[in-house]
Amino acid sequence: MAASRETFGGKLAAVLAMAGSAIGLGNIWRFPYLVGQNGGAAFILVYLVACFVLALPIFFAEAVIGRRGGGNTFSAMEKLAPGSAWKWMGLITVAAPLLLLSYYSVVGGWSVDYLFKAVTLQFTGDTSGIFERFITSTWEPLAAHTVFMAFTAAVILAGVKNGIEKFTKITMPLLFLLIIVIVVYGLTLPGSWKGVEYLVRPDLSKINVNVIATAMGQAFFSLSLGVGTILTYASYMRKEDNVVAAGTYTALSDLLFALLAGFAVMPAVFAAGIQPGQGPGLVFDTLPYIFSQMHGAGTVVAILFFFSILIAALTSSISLLEVGVAYLVEEKGWSRKRSTLVLALASWALGVLCSLSFGPMAHVQLLGKGFFDFLDSLCSDWLMPLGGLLFTLFVGWRMSKADVRDELTNGGTCNKRIFGAVYILVRYLAPIGIAVVFLSNLLL
Ligand code: PHE
């Protein structure tokens, strides 16, 4: 895909690829547990604002740079600002996706393992403690992580177009359908309405700097921003495609999916009397409980569900690997095969440490956090906002307004009325907002 600078087949293909990158474990696994840790509905409220005021402008900024610059971060920046230091931003966009991929693949592995558990009928009896036992063990999560990383590398090696794109067209709608089935079923469980209340009735006193920073980080994580993914994908978009529309559709479907996941998980959490604030294990504890309650149908739904999660995770993990591969192929002249294998292996090795940090290496702490949590926080609380801030500053202040207008309105043929508002978001609101949250996060 990268070497010959192909373009996506059309607007739909571009939106699907971007939505495929955006919708993933961030929505199904990360969003529900962050809601649970950060005060329920109040977090969702802040998240909505973060999505549209801070995250969406970054999407536009990355898309402008990618499509106009026509390449990976290094070459795009070099083309748009020749001889400047901006191209070194490419370093963030090579390192961050690989760091992210390392722990993303560990969680991707959890879904591989759960698919296996579903197929072997392990969600039929008492499921309590199932996640704790799995995660603290050594070999099972490591094997699953290895399988997931191998899948990711295989797809990138085989090329994205014919495999995963076609596959995604079927499985993404299936995932939506299944999650709705689970939402509806969850709502019939006794005691589930407390969970609904938790999601819709905000307690504003819960909002603090930490909650705002976490919501911002999650918006960036969920929309795949600040690490060059959207930039790279936008470079494969055709000139006549509307990037503002693509961004808006991607953000809306991503948001809808996260909310559905929240409604699939929280009511069941309350019905089961599980603690909503327990962290990364939330979904992997709760869903098996729901499936075990569904009796016969539970196994079928569980298989389809974890299969779909796996696909959703894969369409995101390949976008993480593609950024680094595009860089090595285009800038260093490496073959696609060599780039893929080297990067996947490096990421896998880091992932091993992440996986072990729940069990045998739990005592190894970096800045008070286990390795997995440390990498997650480094990426979503720091690197993604930093990348996002720099992208908006570049488009808002380094590029000429005429060029930005040309790119966002496709030479004046669309979005003419909203360009002014979009530009203000990119030039002022988003960078100021990100900088404020960043600084307060640093100082408080
Ligand atoms: N957005 C993806 C998810 O929600 C994760 C991701 C982040 C993918 C950054 C690519 C780049 O699962």
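Count residues from 1 along the sequence. First listed ligand is number 1; within each ligand, the first listed atom is number 1.
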Taking side chain as C-beta onward, heavy atoms only, is Val196 less than 4.5 Å from Met266?
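Answer no - side chains too far apart.
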Could you find the nearest protein heavy atom to atom 3 (C) of ligand 1 and give me its residue, atom name and distance?
Ala22 O, 3.3 Å
Non-hydrogen atom of Met384 closer than 4.0 Å to ligand 1
yes
Output yes when the distance from some N or O of ligand 1 to some N or O of Leu225 is under 3.5 Å, and no in every other case.
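No, there is no polar N/O contact under 3.5 Å.
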Could you list which atoms of ligand 1 come closer than 4.0 Å to a heavy atom of Ser222?
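Those qualifying, in numeric order: 1 (N), 4 (O).
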Could you list the atoms of ligand 1 found under 4.0 angstrom from a heavy atom of Leu25?
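In order of numbering, the contacting atoms are 12 (O).
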Near Thr229, which atoms of ligand 1 are under 4.0 Å from a heavy atom of that residue?
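Per the distance check, 10 (C), 11 (C).
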Cationic N near anionic O, under 4.0 Å, Lys117 to Glu140:
yes
What atoms of ligand 1 come closer than 4.0 angstrom to any heavy atom of Gly26?
3 (C), 4 (O), 12 (O)
Contacts of Phe43 meeting ring-ring contact (aromatic ring centres under 6.0 Å, His included) (sequence neighbours excluded), chain-then-number -> none
Check: Asp241 and Arg238 side chains under 4.5 Å, non-hydrogen atoms:
yes
Is Arg67 salt-bridged to Glu62, cutoff N-O under 4.0 Å?
no
Quick one: do Asp376 and Arg30 make a salt bridge, cutoff under 4.0 Å?
yes
Short version for Ser224: what comes under 4.0 Å of ligand 1, heavy atoms counted, is both
Indicate, with yes or no, if the rings of Phe438 and Trp382 have centres closer together than 6.0 Å.
yes
Using a strict cut-off of 4.0 Å, indicate which atoms of ligand 1 neighbour a heavy atom of Asn27.
4 (O)
What is the nearest protein non-hydrogen atom to atom 12 (O) of ligand 1, stated with its residue, atom name and distance?
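Ranked first by proximity to atom 12 (O) of ligand 1 is Tyr104 OH, 2.5 Å.
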